Amino acid sequence: MYKTHTCGQLTAADAGQSVTLAGWVHRRRDHGGLTFIDLRDRFGLVQIVSDPEAAPEAHAAFEPVRNEWVLQVSGVVRPRPEGMANPELASGEIEVVVSEVKVLNPAVTPPFLINKDEDVDENTRLKYRYLDLRRPRMQANLELRHKVVKFIRDYLDKEGFLEIETPILFKTTPEGARDYLVPSRVHPGEFYALPQSPQQLKQLLMVAGYERYFQIARCFRDEDLRGDRQPEFTQLDMEMSFVEREDVMDLVERMYTAMVKQLVPHKRLLAEPWPRLTYKEAMQRFGKDAPDLRFGMELQDLTAWAAGSGFKVFEDALAAGGHVRAINARGLGGYSRKEIDALTEFAKQFKAKGLAYLAITPEGEERSSFSKFLSPEKLAELKTALDAQTGDLLLFVADKPEVVFDALGRLREHLGEALNLIDPDLLAFCWVIDFPFAFWDEEEQRWEPSQHLFTLPMPEDIDLIESDPGSMRGTQYDMVLNGTEAAGGSIRIHDPALQKRIFKLIGLSDEVARERFGHMLEALEFGAPPHGGIAPGIDRLVMLLAGAESIREVIAFPKNQAARDVMADAPSPAEGHQLKELHIKVDIGKK
RNA sequence: GGUCCCGUAGUGUAGCGGUUUAACACGCUGCCCUGUCAAGGCAGAGAUCGCGGGUUCAAAUCCCGUCGGGACCGCCA
């Protein structure tokens with residue numbers, strides 16, 4: 001072994017001990033006659049001091065040493081002299097007086113500082129990811145990630161779950177996201193696909209009688225990236241037999257509540273038990289099916305008021321079957337015309353045709369794009385409905401319901417952030433239930449399931465499949481955390497006849513259904529138990545728990561926004577003989 | 001596919017038509033220094049301002065293009 005102790009573990013209790021340590025030079029302070037080196041390993045820092053009289057060779061050996069060299073040092077632990085303790089350091093009571101130094105490996109000067117948590121261009125960080133990951137903050141992030149996964153494994157083990165691996169090479173599923181395809185050398189012209197999730201496989205494990213399955217599953221989607229989206233990401237994939245949606249939600253809620261309390265005690269849960277909202281309620285109050293409950297500014301319905309309001313824009317929207325809704329952005333009554341215009345531009349990104357406003361400046365003066373069209377009574381009613389106070393800015397959108405919800409919901413979150421209404425240490429979990437089972441896809445002219453093809457409709461709605469699919473609700477439940485979808489799950493269909501009716505509803509011919517999902521349909525015939533599950537994302541959760549800005553901060557080797565690994569430079573062209581073996585010809589059109 | 005923002009020593013930033021020999025901090029190199037812990041002191045090296053073109057007497061600075069990076073929209077059942 002290279003070391004008898006870790007750098008972080010030494011305390012005053014070890015005084016007098018002879019130790020051998022190994023690690024990286026975090027910092028070097030050369031006083032000429034006396035040199036200090038902070039030696040770092042994953043477990044912490046300890047100060048090594050050289051005494052030129054007691055150990056001249058070791059002292060001389062420190063001379064050429066620079067940051068990030070790898071050293072092995074032997075010496076004796078001693079309490080630091082009176083008044084020299086460093087309270088910032090876990091090992092700050094003591095130091096190691098070096099007697100022997102071995103340079104295990106020198107290091108060239110790194111492109112950025114390891115010993116300082118400074119902002120560095122992310123491309124540089126990714127190119128030298130092994131150095132970036134050496135920084136204490138990144139080590140803390142990955143340690144937290146480990147603890148989250150360990151907690152989940154331990155918790156689910158105690159709950160009777162089995163962790164079972166499912167294949168990475170599987171079958172393409174053209175529904176949903178784009179697949180990553182993998183050519184088969186043995187079967188020229190045929191392709192595996194990397195799984196977007198182990199959905200079908202975990203359901204088949206239920207048919208196989210495992211009853212409680214989970215997996216820390218890598219999932220792949222060939223779509224454009226975001227700060228919270230990577231082409232490969234990790235989910236806690238779970239499935240349970242003989243359960244109803246309450247059972248799944250209860251288990252997950254208990255597990256995540258316990259996890260947060262144990263792993264991030266400085267974070268606060270907004271509410272226990274977690275609030276449950278129906279999809280309808282979430283949309284009406286927050287304009288979005290993954291509401292951020294950390295602040296108010298809820299949407300207000302003014303549709304009834306708008307009838308006969310005298311403002312043509314509102315009345316026309318109603319006549320076209322639309323709604324009028326508003327939010328009250330408290331404290332923004334002093335916004336300038338230019339600032340309000342910027343909000344209007346923001347809302348227009350989400351298809352709102354405009355943004356009507358009524359501002360009450362801190363001086364009590366009213367400015368509005370439309371109040372001149374209103375009678376004094378109507379204006380008074382409006383202000384009462386929105387509890388308008390001096391200094392408030394009321395923002396209105398009139399349009400088709402989906403546009404009103406989207407524009408105001410986005411505006412609400414935009415303003416919540418801009419106004420600093422969000423407590424960074426708050427974790428607002430909630431459940432959203434009673435989703436519409438399917439919605440009509442205008443472009444494709446067919447019904448599209450709002451989750452996936454295997455979701456069970458609410459039992460009391462099943463008979464609407466043929467008559468009124470738009471009114472059906474699904475058994476889907478989404479776990480929402482701080483305004484993002486943290487997990488989606490549902491009870492699945494275990495009746496093959498019902499599964500066929502759903503395939504028919506979404507326009508899959510018997511032939512296509514058999515070709516793509518024949519194995520699923522067949523499996524359901526062989527005594528499939530009632531079952532359901534959920535799949536919480538791990539990356540986003542760890543990101544939020546770590547207080548990081550992007551999931552790239554909690555993934556060891558992420559891709560950049562162009563889906564490229566800049567360290568290894570992947571993807572890269574395949575060599576001619578590889579392609580030949582796969583019977584693949586590359587045909588890149590001219591740019 | 002679209003919109004927006006950013007590219008200046010190794011890193012982070014300043015400079016935004018001429019007063020600049022492109023500044024500052026950290027880092028780096030050398031020398032001095034026996035109690036520092038973001039050690040200190042002194043000296044020094046390091047940038048054709050992403051790239052190409054244009055405007056101008058004059059471009060890091062303005063314009064166009066291009067490349068690279070990021071945020072967002074679309075997309076992500």
Side-chain angles (χ1 to χ4, degrees), chain A residues 26-40 45-54 59 63-64 66-68 80-89 91-92 95 97 108-128 131-132 173-179 196-197 199-200 219-231 233 342 345-346 348-351 406 410 413-414 435 437-439 441 443-444 446-455 474 476 485 488 490 502 506 508 516 537 549-550 552 560-562 564 566 591:
Chain A
H26 192 66
R27 224 172 241 122
R28 174 173 170 277
R29 293 178 292 280
D30 183 352
H31 287 232
L34 186 70
T35 303
F36 299 100
I37 281 181
D38 291 337
L39 195 67
R40 182 192 71 236
L45 286 176
V46 68
Q47 174 167 285
I48 315 292
V49 59
S50 73
D51 182 336
E53 277 149 33
H59 179 71
E63 207 286 316
R66 292 295 181 271
N67 282 349
E68 301 309 315
R80 294 198 187 184
E82 193 65 31
M84 295 299 160
N86 182 353
E88 303 287 307
L89 215 56
S91 65
E95 61 192 1
V97 194
V108 296
T109 305
F112 47 82
L113 295 179
I114 309 301
N115 59 24
K116 200 177 153 195
D117 190 18
E118 59 180 356
D119 278 337
V120 179
D121 172 62
E122 195 172 10
N123 213 36
T124 309
R125 291 177 56 196
L126 291 177
K127 189 172 171 194
Y128 299 97
L131 295 179
D132 191 35
T173 49
E175 295 76 24
R178 293 184 187 92
D179 284 325
Q196 298 177 27
S197 87
Q199 180 62 34
Q200 296 181 37
C219 305
F220 304 86
R221 291 180 190 175
D222 186 5
E223 294 292 347
D224 285 357
L225 285 70
R226 289 283 192 283
D228 61 356
R229 261 164 39 189
Q230 282 273 307
F233 59 98
E345 283 311 305
F346 181 84
K348 281 183 177 170
Q349 278 186 76
F350 308 103
K351 299 203 180 86
D406 194 34
R410 304 263 198 165
E413 296 205 341
H414 177 70
F435 278 79
F437 181 80
F439 57 92
D441 186 328
E443 265 173 45
E444 309 246 339
R446 63 182 183 89
W447 290 97
E448 181 101 31
S450 48
Q451 202 198 16
H452 53 62
L453 300 167
F454 311 110
T455 293
Q476 181 183 350
E485 184 190 324
S490 67
I502 298 297
I506 63 156
L508 283 187
R516 290 194 198 153
E549 292 287 318
S550 142
R552 280 169 266 144
N560 72 2
Q561 196 172 57
R564 194 162 266 292
V566 292
K591 286 199 170 178

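Please read all numbers here as calculations on a predicted model, not as lab measurements. Every chain is numbered from 1, with letters handed out A, B, ... down the list of sequences.
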Peer 1: What is the base-pairing partner of B:G7, counting Watson-Crick and G-U wobble geometry with both distances under 3.5 Å?
Peer 2: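 Pairing partner, where one exists within any strand: B:C67.
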Peer 1: Give me the distance, rounded to whole Å, that separates B:G18 from B:C31 when you measure between the P atoms they each carry.
Peer 2: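 Between the two P atoms, the distance is 42 Å.
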Peer 1: Restricting to nitrogen or oxygen on both sides, can you table the protein-nucleotides 38-42 of chain B pairs closer than 3.5 Å?
Peer 2:
unit_1, atom_1, unit_2, atom_2, d
B:A39, OP2, A:Arg27, NE, 3.2
B:A39, N6, A:Asp30, O, 2.8

Peer 1: Taking the P atom in each of B:G12 and B:C63, what is the distance between them to the nearest angstrom?
Peer 2: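 To the nearest whole Å, 25 Å.
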Peer 1: Under 4.0 Å, counting only non-hydrogen atoms across every strand here, what does A:Ala85 touch: a base, just sugar-phosphate, or nothing?
Peer 2: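 It contacts base atoms.
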Peer 1: How would nucleotides 44-49 of chain B be written as a contact map, 5' to 3', with B for base contact, S for sugar-phosphate-only contact and - for no contact, using protein heavy atoms under 4.0 Å?
Peer 2: ------
Peer 1: Stepwise, does the side chain to side chain contact (heavy atoms under 4.5 Å, CB included) test hold for A:Phe437 with A:Ile502?
Peer 2: CA-CA 10 Å; A:Phe437 181 80; A:Ile502 298 297; 3.6 Å; yes
Peer 1: What integer distance in Å separates A:Asp117:CG from B:G12:C1'?
Peer 2: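 Checked: the CG to C1' distance equals 13 Å.
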Peer 1: Within the 4.0 Å limit for protein heavy atoms, which parts of nucleotides 72-77 of chain B are touched? Write it as a string from 5' to 3', B for base, S for sugar-phosphate only, - for none.
Peer 2: SBBBBB
Peer 1: State the CD-CZ distance between A:Gln561 and A:Arg226, to the nearest 0.5 angstrom.
Peer 2: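 The CZ atom of A:Arg226 is 7.5 Å from CD of A:Gln561, to the nearest 0.5 Å.
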Peer 1: If you look at every strand shown and take non-hydrogen atoms under 4.0 Å, does A:Gln230 touch a base, only sugar-phosphate, or nothing?
Peer 2: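 Answer is nothing: A:Gln230 stays at 4.0 Å or more from every strand.
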Peer 1: For the side chain of A:Leu113, counting heavy atoms from C-beta on, which of B:G69, B:G35, B:C26 is nearest?
Peer 2: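 The answer is B:C26.
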Peer 1: At 4.0 Å (heavy atoms only), tell me whether A:Asp222 reaches a base, stays on the sugar-phosphate, or touches nothing.
Peer 2: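 Here A:Asp222 touches no strand at all.
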Peer 1: Determine the Euclidean distance between corresponding C1' atoms of B:U11 and B:A71; express it in Å to zero decimal places.
Peer 2: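 Rounded to whole Å, the distance is 23 Å.
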Peer 1: Grab the NZ-P distance between A:Lys127 and B:G68 for me, whole Å please.
Peer 2: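 In whole Å, B:G68 P lies 15 Å from A:Lys127 NZ.
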Peer 1: Please give, in whole Å, the distance from B:G35 C1' to A:Gln47 CD?
Peer 2: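 The distance from CD of A:Gln47 to C1' of B:G35 comes to 8 Å, rounded to the nearest Å.
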Peer 1: A:Phe435: what forms a ring pair (Phe, Tyr, Trp, His ring centres under 6.0 Å) with it, not counting sequence neighbours?
Peer 2: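 So A:Phe435 forms a ring pair (Phe, Tyr, Trp, His ring centres under 6.0 Å) with A:Tyr279.
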Peer 1: Between A:Arg29 and A:Gln47, does any side-chain donor sit less than 3.5 Å from a side-chain acceptor?
Peer 2: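 Side chains of A:Arg29 and A:Gln47: pair found under 3.5 Å.
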Peer 1: Using the C1' atoms only, state how far B:C33 lies from B:A25, rounded to an integer number of Å.
Peer 2: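 Between the two C1' atoms, the distance is 24 Å.
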Peer 1: Taking the side chain of A:Pro111 as its heavy atoms from C-beta onward, which of B:G10, B:G69, B:U29 lies nearest to it?
Peer 2: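 Nearest to the side-chain atoms of A:Pro111, counting from C-beta on, is B:G10.
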Peer 1: What's the gap between B:A60 and B:C16 when it is taken at their C1' atoms, as a whole Å value?
Peer 2: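 Taking atom C1' in both B:A60 and B:C16, they lie 8 Å apart.
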Peer 1: In whole angstrom, give me the gap between the C1' atoms of B:A59 and B:U8.
Peer 2: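 Pairwise C1' distance, B:A59 against B:U8, rounds to 14 Å.
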Peer 1: Considering residues at least two apart in sequence or located in another chain, which fulfil the side chain to side chain donor-acceptor pair (under 3.5 Å) criterion with A:Thr455?
Peer 2: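 Expected list: A:Gln451, A:Ser490.
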Peer 1: Is there a side-chain polar atom (N or O) of A:Arg125 under 4.0 Å from OP1 or OP2 of B:G70?
Peer 2: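 For B:G70, OP1/OP2 do not have a side-chain N/O of A:Arg125 under 4.0 Å.
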Peer 1: Can you confirm whether A:Leu508 sits close enough to A:Arg516 that some side-chain heavy atom of one is under 4.5 Å from a side-chain heavy atom of the other?
Peer 2: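 Yes, close enough: below the 4.5 Å cut-off.
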Peer 1: Mind checking who B:A58 pairs with, Watson-Crick or G-U wobble, both distances under 3.5 Å?
Peer 2: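 WC or wobble partner does not exist here.
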Peer 1: Could you check how far CD1 of A:Ile48 sits from P of B:G35, rounded to whole Å?
Peer 2: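 Answer to the nearest Å: 19 Å.
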Peer 1: Could you state the CD-P distance from A:Glu68 to B:C28, rounded to the nearest angstrom?
Peer 2: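 So the two atoms are 11 Å apart, to the nearest Å.
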Peer 1: Which residue, A:Asp51 or A:Val566, contacts RNA chain B at a nucleotide closer to its 5' end, judged by nearest heavy atom?
Peer 2: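 It is A:Asp51 whose nearest nucleotide is closer to the 5' end.
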Peer 1: Can you sort out the partners of A:Asn67 under side chain to side chain donor-acceptor pair (under 3.5 Å), two or more places apart, ordered by chain and number?
Peer 2: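 Side chain to side chain donor-acceptor pair (under 3.5 Å) check on A:Asn67 returns nothing, list empty.
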Peer 1: Under 4.0 Å between a side-chain N/O of A:Arg66 and OP1 or OP2 of B:U29, yes or no?
Peer 2: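 Checking B:U29 against A:Arg66, a side-chain N or O does come within under 4.0 Å of OP1 or OP2.
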Peer 1: Please report, rounded to the nearest Å, how far the C1' atom of B:U34 is from the CE atom of A:Met84.
Peer 2: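 In whole Å, B:U34 C1' lies 11 Å from A:Met84 CE.
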Peer 1: Please report, rounded to the nearest Å, how far the C1' atom of B:A71 is from the CD atom of A:Glu122.
Peer 2: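 My rounded result for the distance is 12 Å.
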Peer 1: Is any side-chain heavy atom of A:Lys351 closer than 4.5 Å to a side-chain heavy atom of A:Asp406?
Peer 2: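 No. Closest side-chain heavy atoms not under 4.5 Å.
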Peer 1: Do NZ/NE/NH1/NH2 and the carboxylate oxygens of A:Glu68 and A:Arg40 come within less than 4.0 Å?
Peer 2: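 Between A:Arg40 and A:Glu68 there is a salt bridge, with a charged N closer than 4.0 Å to a carboxylate O.
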Peer 1: Does B:A47 have a Watson-Crick or wobble mate here (both distances under 3.5 Å), and if so which one?
Peer 2: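 Matched B:A47 with nothing under the 3.5 Å cut-off.
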Peer 1: Apply the test salt bridge (Lys or Arg N to Asp or Glu O under 4.0 Å) to residues A:Arg446 and A:Glu448: give CA-CA distance (whole Å), side-chain angles for both, the deciding distance (0.1 Å), then the verdict.
Peer 2: CA-CA 6 Å; A:Arg446 63 182 183 89; A:Glu448 181 101 31; 3.7 Å; yes
Peer 1: Provide the Watson-Crick or G-U wobble partner of B:G12, both distances under 3.5 Å; none if there is no partner.
Peer 2: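 When the pairing criteria are applied, B:C24 turns out to be the nucleotide that pairs with B:G12.
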Peer 1: Is A:Asn115 close enough to B:G27 that one of its side-chain N or O atoms is under 4.0 Å from OP1 or OP2 there?
Peer 2: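 So the side-chain polar atoms of A:Asn115 never come under 4.0 Å of the phosphate oxygens OP1 or OP2 of B:G27.
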Peer 1: Does B:U19 have a Watson-Crick or wobble mate here (both distances under 3.5 Å), and if so which one?
Peer 2: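 Across any shown strand, B:U19 pairs with none.
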Peer 1: When you compare the side chain of A:Pro231 with that of A:Arg178, does any pair of heavy atoms fall below 4.5 Å?
Peer 2: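 Side chain of A:Arg178 against side chain of A:Pro231, heavy atoms only: no contact under 4.5 Å found.
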Peer 1: In whole Å, measure the gap between the P atoms of B:G65 and B:U29 for me.
Peer 2: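 The answer is 44 Å between these two P atoms.
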Peer 1: Contact class for A:Arg552 vs. all strands (heavy atom < 4.0 Å): base, sugar-phosphate, or nothing?
Peer 2: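 Sugar-phosphate only.
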Peer 1: Expressed as a whole number of Å, how far does the P atom of B:U36 sit from that of B:G41?
Peer 2: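 Nearest-Å result for B:U36 against B:G41 at atom P: 14 Å.
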Peer 1: Within this structure, what is the CG-CZ distance for the pair A:Leu39 and A:Arg28, rounded to the nearest 0.5 Å?
Peer 2: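 Result: 13.5 Å between the selected atoms.
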Peer 1: Evaluate the ring planes of A:Phe36 and A:His31, with Trp represented by its six-membered ring, and classify them as parallel (under 30°), tilted (30 to 60°) or perpendicular (over 60°).
Peer 2: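 The rings of A:Phe36 and A:His31 stand perpendicular, inter-plane angle above 60°.
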Peer 1: Just the rounded figure in Å: distance from P of B:C37 to CD of A:Glu95.
Peer 2: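 For the pair A:Glu95 CD and B:C37 P, the rounded distance is 14 Å.
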Peer 1: If you check every side-chain atom of A:Val120, which of B:G35, B:G70, B:U11 has the closest atom?
Peer 2: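 For the A:Val120 side chain, the nearest candidate turns out to be B:U11.
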Peer 1: Is A:Phe112 stacked on the base of B:U11, meaning ring centres closer than 5.5 Å and planes within 30 degrees of each other?
Peer 2: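 Ring-base stacking flag not set for A:Phe112 and B:U11.
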Peer 1: Measure up the A:Phe454 and A:His452 rings against each other and bin them: parallel (under 30°), tilted (30 to 60°), perpendicular (over 60°).
Peer 2: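 Taking A:His452 first and then A:Phe454, their aromatic rings sit tilted (interplane angle of 30° to 60°).
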Peer 1: What closest approach, in Å, do A:Ser197 and A:Cys219 show between heavy atoms, and which atom pair accounts for it?
Peer 2: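 Residues A:Ser197 and A:Cys219, closest heavy atoms: CA-SG, 3.8 Å.
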